[in-house]
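One structure is given here, and the rest of the page talks about it.
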There are 2 protein chains.
Amino acid sequence: MGVTKTEVFTDKQNRIADLAKALAHPARIAIIQHLLKEKSCVCGDLVEVLPLAQATVSQHLKELKQIGILHGEINPPRVCYCINETVWQEAKAIFGEIFETEVAVNCCK
Amino acid sequence: MGVTKTEVFTDKQNRIADLAKALAHPARIAIIQHLLKEKSCVCGDLVEVLPLAQATVSQHLKELKQIGILHGEINPPRVCYCINETVWQEAKAIFGEIFETEVAVNCCK
DNA sequence: AATATCTATCGTATTATTGCAATAAATAAA
DNA sequence: TTTATTTATTGCAATAATACGATAGATATT
């Protein structure tokens, strides 16, 4: 087994989980924080900022790109990675919805 | 090597990633949604709601408990699982901080 | 005491993730 | 054309995560 049973959950539950998974690594958090705050978005800059090998950074960027949080713009010989505003707003809304839910009163209270 | 290099990132970056990891599975999203909305919080109810084996549900509950999002209250012979308001608010704040950051204007715009 | 109920844990199989060296690919510069 | 620069990909090793049957543990019930 070792594989998530995605088919038994709703599309939304799977989407939330996928977005969360994209954020579930400190390197990817660092990448996002950098792209949110700094003007520089060139891949090489990120490799310098992060204490990881170039191949590893490239892989994390690929994952963030795959989920849609980032998009890459080729600017030879460099590649510029940026936050995809559309997906970012989607993630903001989806997490916002969960966290704004008032916690139900149940048997523990 | 298959192990995250946590020591090269800040405590906060690691904490965000850990919280995100806890949300990075549709079953755990379903558990949280259930506990947020329903009054029932007994482990057995969750096992009935989720299309997963009892052992698997118990394991997901353990992870959510470990990160602090849930706490379990033994009520023999049942166990009542509830959202830990403190950690929930921490997560809300931590994700809120990221998503409220205005996206920097960079070379892609 | 024996039985039933509920939950946690163990063991195991399978797949996913992380990390990096090496290398390829693509373009700019010489 | 040759070389340098930048990024992606491949291949590999090691660890983590997912899932579930089987079983153990704890408490109620009979």
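Note that this is a predicted model, so its numbers are computed, not measured. Sequence lines set the chain letters: A, B, ... in the order given, protein chains first and strands last, and positions in each chain run from 1.
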Practice item. Determine: side-chain N/O of R78(A) to OP1/OP2 of dA28(C), distance under 4.0 Å, yes or no. Key: no
Point to revise | N/O (side chain, Y81(B)) to phosphate O (OP1/OP2, dA8(C)) under 4.0 Å | key: yes
[X] [atom1] to [N] [atom2]: how many Å, rounded?
X      : N       : atom1 : atom2 : value
I74(B) : dT27(D) : CD1   : P     : 8 Å
L46(B) : dA8(C)  : CG    : P     : 10 Å
F9(A)  : dT18(D) : CZ    : C1'   : 11 Å
N75(A) : dT5(D)  : CG    : C1'   : 14 Å
E7(A)  : dT18(D) : CD    : P     : 15 Å
K21(B) : dT18(C) : NZ    : C1'   : 10 Å
E73(A) : dA26(C) : CD    : P     : 19 Å
D45(A) : dT5(D)  : CG    : C1'   : 14 Å

**Study point:** Whichever of P77(B) and T4(A) has its nearest DNA chain C nucleotide further upstream toward 5'
**Key:** P77(B)
Review point. Tell me, which of residues 48-69 of chain A have any heavy atom that sits under 4.0 Å from an atom in DNA chain C?
Key: L52(A), A53(A), A55(A), T56(A), Q59(A), H60(A), E63(A)
Exercise for review: Please work out which of the three classes, parallel, tilted or perpendicular, describes the rings of H25(A) and F9(B), given edges at 30° and 60°.
Suggested key: perpendicular
Check your understanding: In terms of ring plane angle, is the pair W88(A) and F99(B) parallel, tilted or perpendicular, where the classes change at 30° and 60°?
Key -> tilted
Are [X] and [Y] ion-paired here, with the side-chain N under 4.0 Å from a carboxylate O?
X      : Y       : result
K92(A) : E100(B) : no
E97(B) : K12(B)  : yes
E63(A) : K21(A)  : no

Study note, to complete from the structure: For H71(A) and K65(A), the nearest pair of non-hydrogen atoms, with its separation, is CA-CG, 4.4 Å
Review point. Quick one: does R78(A)'s side chain have a donor or acceptor within less than 3.5 Å of a partner on V42(A)'s backbone?
Key: no
Check your understanding: So what does V42(B) hit on the nucleic acid, given a heavy-atom distance under 4.0 Å: a base, only sugar-phosphate, or nothing?
Key -> sugar-phosphate
Practice item. Would you kindly compare V47(A) and K5(A) by the position of their nearest DNA chain D nucleotide and give the one closer to the 5′ end? Key: V47(A)
**Study point:** Toward the 5' end of DNA chain D, by each residue's nearest nucleotide, C80(A) or R28(B)
**Key:** C80(A)
